[in-house]
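First up is the structure itself, then whatever we jot down about it.
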Amino acid sequence: MTGEPISRAEEWRAHWPMVLTAFVGLALTSVSIYSTGIVIQPIGEEFGWNRTQITAGFTASLVLTVPLSPLVGGLMDRWGIRRLALPGIVLTGCALAGVALASGSFVQWLAIWIFYALASLLIKTTIWTAAITGTFTAARSMAVSVILCGTAFAGVMVPPLMQYLTDNIGWREAYMIVAVLFSVPALILSYFFLPDVRNANRKTGVDTGAGSNFAEAPVLEGLTVHEALNSVAIWRIGIATLIMLLISSGLLVHKVPLLTEAGVSRTNAALLASLAGVAGVVGKIVTGWMMERFDAGWVAAFTNGITAGAMVFLLEPFQTPTTIVISMLFVGYAGGTKLQLCVYLTGIYAGMRNYGKIFGVMSSIIVAAGGLGPLAAGIIYDVYGGYGTFVAICIPASLVCGALMVGLGPYPAWSRSLEVGAQKKRVA
């Protein structure tokens, strides 16, 4: 084998089934998010619960994810991807279907969601991004972008499907059907196409032809946990990710009421929220294309600058129907890039040696920000009587994120092939 990196086209031809697998896997992890809102009303009517009780189970599952994500990342580094993903898919599917067993006992309801939390930890973003990051080099950015669109796919498919099934056969049956529709394809694809990147790298030997058996397999390159804790680049990526996702999650949950406060009807606000979701998919793909060709830190600064500029249009002096539409499209575009920026930059500057542990910590940051962002936006609204202060805070916060991402330093030795790939002539 030569040391010359292969082209993007060659990587896609060789590994596109893995990308499809990770795409479907990430869609499965998003089912619970997009299904919960649909069943709040029927569950509340059947059990006599308020919305706090109904959503408490899902909240409990998020809380468990924060401290346990680094632990699962460590297990991935030790045991490999397949040993976690295959049982994780089965258990997650069973947990989703198990929601149908709810009997009206609040303790049982919490237990069901805690089981879901523990099961789904085995197939969180760390698993699927590790498969891509450990396999792709020249086309890594676009591959990460594509698999993260799996969450958007779930967002498009799950709500109308759950609504239709709930209205026609019931919410219990809806959970069972959706669990099967998303978990079975994920299991089949993972069984055939999900490699164990860590084990493959450890076990692959080179025949020396000199009477010896095999040369020792190359050790995966990257930072140790101690080195990561002392890495300025990793700290900057983590802090920027926390701020970015506090902003994005706050905007995601409060988008419709923010727009209605600005004078947009609820119908048009929902339409704009949907268009923002479509713009987010475009953002993922375009950002993936850009990071293959330009320094990823500068791309991150650019997308955060877009967020800051878009939020200016939501300030009261600048609000018009046209500027609100423009703002929502650009906010959606930039919002779709936040997670992939963290995934890509962590892979570059941490390497694969302890990717599970390091990105496990990043996953905890992502989950914590996802839970705290909407809460912070709600508190600001209650204190100041409107969203204007929240919008005003988002503008400099986005600029700070962009500044943190600039000047992270040259790509480490284990990521040099990305730079080489970016300099190769593009083949149509």
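Since we're looking at a predicted model, the values are computed, not measured.
- The structure places CD1 of Ile188 at 10.5 Å from CD1 of Ile89, a figure rounded to the nearest 0.5 Å.
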task: Just do the side chain to side chain contact (heavy atoms under 4.5 Å, CB included) check on Asn304 and Lys338 with the steps written out, would you?
output: CA-CA 9 Å; Asn304 280 283; Lys338 307 304 185 186; 3.3 Å; yes
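- Listed here is the closest heavy atom pair of Gly98 and Ile112: O-CD1, 3.6 Å.
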Check: residues 177-185 side-chain donor-acceptor pairs under 3.5 Å, at least two apart:
residue, atom, partner, partner atom, Å
Ser183, OG, Ala179, O, 2.5

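- With sequence neighbours excluded, the residues forming a side-chain contact (heavy atoms from CB on, under 4.5 Å) with Leu91 are Phe115, Ala119, Leu122, listed by chain and number.
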Return a table of donor-acceptor pairs under 3.5 angstrom between the side chains of residues 278-286 and protein atoms on other chains or two or more places apart.
residue, atom, partner, partner atom, Å
Lys284, NZ, Gly336, O, 2.9

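- No donor-acceptor pair under 3.5 Å is formed between the side chain of Glu11 and the backbone N or O of Trp16.
- One finds the SG atom of Cys149 at 8.0 Å from the CD atom of Gln340 (value rounded to the nearest 0.5 Å).
- Taking 4.5 Å as the limit, every side-chain heavy atom of Phe47 sits out of range of all side-chain heavy atoms of Phe106.
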Enumerate donor-acceptor pairs with a distance under 3.5 Å from any side-chain N or O in residues 397-410 to protein atoms, sequence neighbours excluded.
residue, atom, partner, partner atom, Å
Ser398, OG, Cys394, O, 2.8

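- Summarising the geometry, atom CE belonging to Met76 is positioned 15.0 Å from atom NZ belonging to Lys124; distances are rounded to the nearest 0.5 Å.
- Summarising the geometry of Gly222 relative to Glu227, their closest heavy-atom pair is O-OE1, 4.2 Å, with the distance given to 0.1 Å.
- Here Arg172 pairs with Glu46 under the salt bridge (Lys or Arg N to Asp or Glu O under 4.0 Å) rule; sequence neighbours left out.
- Considering only heavy atoms from C-beta on, Ser32 comes within 4.5 Å of Leu96 through its side chain.
- For the pair Leu161/Met157, no side-chain contact is recorded, criterion being any heavy-atom separation below 4.5 Å from C-beta on.
- By the 4.5 Å heavy-atom criterion applied to side chains, Thr166 and Pro42 are counted as neighbours.
- Applying side-chain contact (heavy atoms from CB on, under 4.5 Å) to Cys342 and the options Thr241, Thr337, Leu245 leaves one that passes, Thr241.
- Note that CE of Met244 and CD1 of Ile365 are 10.5 Å apart. Values are rounded to the nearest 0.5 Å.
- Nearest heavy-atom pair across Ala85 and Leu194 is CB-CD2, 3.5 Å.
- For Met291 against Ala296, the heavy-atom pair with the smallest separation is SD-CB, 3.8 Å.
- For the pair Arg82 and Tyr191, the cation sits on the ring face: its NZ or CZ lies under 6.0 Å from the ring centre, inside 45° of the axis.
- In this structure, the side chains of Ile366 and Phe359 come closer than 4.5 Å at one or more pairs of heavy atoms.
- With a 4.5 Å cut-off on side-chain heavy atoms, Phe294 and Trp289 count as touching.
- Between Trp12 and Phe136, a ring centre-to-centre spacing shorter than 6.0 Å is recorded.
- Taken from OH in Tyr344 to CD1 in Ile348, the straight-line distance is 4.0 Å, to the nearest 0.5 Å.
- Applying the salt bridge (charged side-chain N to carboxylate O under 4.0 Å, His left out) test to residues at least two apart or on different chains, the pairs with a partner in residues 357-369 are Asp77-Lys357.
- Other residues, nucleotides and ligands place no more than 12 heavy atoms under 6.0 Å from the CZ atom of Phe330.
- Checked against a 6.0 Å centroid threshold, the rings of Trp113 and Tyr116 count as neighbours.
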message: Could you walk me through whether Thr92 and Thr29 satisfy the side chain to side chain contact (heavy atoms under 4.5 Å, CB included) test, starting with their C-alpha distance in whole Å, then the side-chain angles of each, then the deciding distance to 0.1 Å, before giving a yes or no?
response: CA-CA 8 Å; Thr92 300; Thr29 66; over 6 Å; no
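- Taking the six-membered ring where tryptophan is involved, the planes of Tyr387 and Tyr381 are tilted, since the angle between them lies from 30° to 60°.
- The minimum heavy-atom distance linking Trp128 with Ile123 is given by the pair NE1-O, 2.8 Å.
- Counting heavy atoms from C-beta on, the side chains of Leu223 and Asn354 never come closer than 4.5 Å.
- Side chains of Asn230 and Trp235 form no contact here, defined as non-hydrogen atoms less than 4.5 Å apart.
- Ring geometry for Trp171 versus Tyr175: interplanar angle over 60°, hence perpendicular rather than tilted (30 to 60°).
- Nearest heavy atoms, Met18 versus Ala131: SD-O, 3.4 Å.
- Remark: Ile237 CD1 to Leu345 CG distance equals 4.5 Å, nearest 0.5 Å.
- In terms of modelled atom types and a separation under 3.5 Å, the side chain of Ser327 and the main chain of Ala310 share a donor-acceptor contact.
- In this pair, Phe153 and Phe23 present their aromatic rings tilted. The plane angle is within the 30 to 60° band.
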task: Take Ile132 and His15 through the side chain to side chain contact (heavy atoms under 4.5 Å, CB included) test and state the conclusion after the steps.
output: CA-CA 9 Å; Ile132 299 300; His15 304 302; over 6 Å; no
